[in-house]
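Note that this is a predicted model, so its numbers are computed, not measured. Throughout, a chain's letter reflects where its sequence line sits, starting with A, and its residues are numbered from 1.
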Amino acid sequence: KAGVTQTPRYLIKTRGQQVTLSCSPISGHRSVSWYQQTPGQGLQFLFEYFSETQRNKGNFPGRFSGRQFSNSRSEMNVSTLELGDSALYLCASSRGESVDEQYFGPGTRLTVT
Amino acid sequence: AQSVTQLDSQVPVFEEAPVELRCNYSSSVSVYLFWYVQYPNQGLQLLLKYLSGSTLVKGINGFEAEFNKSQTSFHLRKPSVHISDTAEYFCAVSRYNQGGKLIFGQGTELSVKP
């Protein structure tokens, strides 16, 4: 069974630009969650999508948004990039049950200059 | 709201020695507990999880953890570590019906020396 894939793996953007990250979950998984990992703040939950609907949301500004497609693939968008958005963005998928194990992808390393 | 505190940011240990990585959590409701490991330039891999039942949980790679409700702790242990265990370890919690939302501790960097 293929694991969670994220594209691209590395990205360099300029402050003020926007970026879209992609996540393909494990086949059969209906939930996709996104996390931001930085040395200062650690791992922080961004949002979760289940069956194309946002089910849970973290405490991030509206510049961070996401969506999920009917095949469960998910995209995350960050608009008006700031230097502080430089981070490793991790996506995780699960079956979507009330308590479930999440499987993480390798992450997308975003650098904002 | 839930929170997780990992009491040690760095733990150096010699190969074949035992290790304990400490995790305390805070929550007003029942939670589910997890330990993840992250190797350099990789995503997170689940080591073990506590959902219910026996408070002693065994995971992969010889790791185990004990859930202590009275002390709100979920410490990770391994009786004998290897060089390959060098990595960052994260404790996390989630709530019922919020399985897709993990709250993580700050991480503990385990460094195994020969």
Side-chain angles (χ1 to χ4, degrees), chain A residues 3-7 9-10 21 23-26 29-51 53-60 66 68 72 74 87-109, chain B residues 1-10 21 23 25 27 29-53 57-60 63 65 67 74 87-109:
Chain A
V4 178
T5 57
Q6 293 186 245
T7 55
R9 291 292 311 277
Y10 302 91
L21 312 182
C23 173
S24 292
I26 290 171
H29 284 191
R30 297 166 64 192
S31 167
V32 173
S33 297
W34 288 89
Y35 297 84
Q36 181 195 65
Q37 184 176 24
T38 59
Q41 299 299 316
L43 277 157
Q44 294 185 285
F45 172 77
L46 279 154
F47 30 66
E48 179 204 7
Y49 285 86
F50 177 77
S51 292
T53 302
Q54 189 180 85
R55 186 161 71 168
N56 284 298
K57 187 178 187 304
N59 297 321
F60 277 80
Q68 186 179 35
S72 294
S74 176
L88 180 66
Y89 290 89
L90 292 162
C91 133
S93 78
S94 69
R95 291 167 298 180
E97 297 169 3
S98 55
V99 178
D100 205 358
E101 174 180 342
Q102 292 190 39
Y103 294 82
F104 282 80
T108 294
R109 172 76 62 186
Chain B
Q2 300 83 49
S3 67
V4 179
T5 302
Q6 290 184 240
L7 298 165
D8 306 291
S9 60
Q10 293 181 319
L21 307 184
C23 172
Y25 68 93
S27 177
V29 299
S30 294
V31 294
Y32 305 99
L33 296 149
F34 306 82
W35 274 99
Y36 282 85
V37 61
Q38 186 177 34
Y39 299 101
N41 299 314
Q42 293 187 27
L44 278 70
Q45 180 183 12
L46 181 69
L47 281 175
L48 46 79
K49 59 189 176 187
Y50 173 78
L51 305 181
S52 64
V57 180
K58 293 191 183 298
I60 62 171
F63 284 94
F67 170 60
F74 190 55
E88 188 142 25
Y89 292 78
F90 292 94
C91 181
V93 301
S94 71
R95 286 175 52 184
Y96 183 77
N97 274 339
Q98 291 193 355
K101 178 180 178 179
L102 287 169
I103 306 300
F104 284 92
Q106 286 294 98
T108 296
E109 190 179 325

Part of A:Gln37 within contact of chain B (heavy atom distance under 4.5 Å) = side chain

ask   = Can you tell me how far the CZ atom of B:Phe104 sits from the CD atom of A:Gln41, to the nearest 0.5 Å?
value = 15.0 Å

ask   = Using non-hydrogen atoms only, which part of B:Gln42 is less than 4.5 Å away from chain A: side chain, backbone, both, or neither?
value = backbone

note = For A:Arg95, the salt bridge (Lys or Arg N to Asp or Glu O under 4.0 Å) test, sequence neighbours excluded, returns A:Glu97, A:Asp100

message = With a 4.5 angstrom heavy-atom cut-off, is it the side chain or the backbone of A:Leu43 that approaches chain B, or both, or neither?
response = both

ask   = Which atoms form the tightest heavy-atom contact between B:Gly100 and A:Ser33, and what is the distance?
value = O-OG, 2.6 Å

task = Report, by ascending residue number, the residues of residues 44-53 of chain B in heavy-atom contact with chain A at a distance under 4.5 Å; give 'none' if the set is empty.
result = B:Leu44, B:Leu46, B:Lys49, B:Leu51

query = Can you check side chain to side chain contact (heavy atoms under 4.5 Å, CB included) on B:Gln38 and A:Leu88, steps first, answer last?
reply = CA-CA 12 Å; B:Gln38 186 177 34; A:Leu88 180 66; 3.9 Å; yes

inquiry  = Please identify, among A:Glu48, A:Arg9, A:Gln102, the residue contributing the most non-hydrogen atom pairs under 4.5 Å to chain B.
reply    = A:Gln102

query = Got a donor-acceptor contact below 3.5 angstrom from the A:Tyr35 side chain to the B:Leu102 backbone?
reply = yes

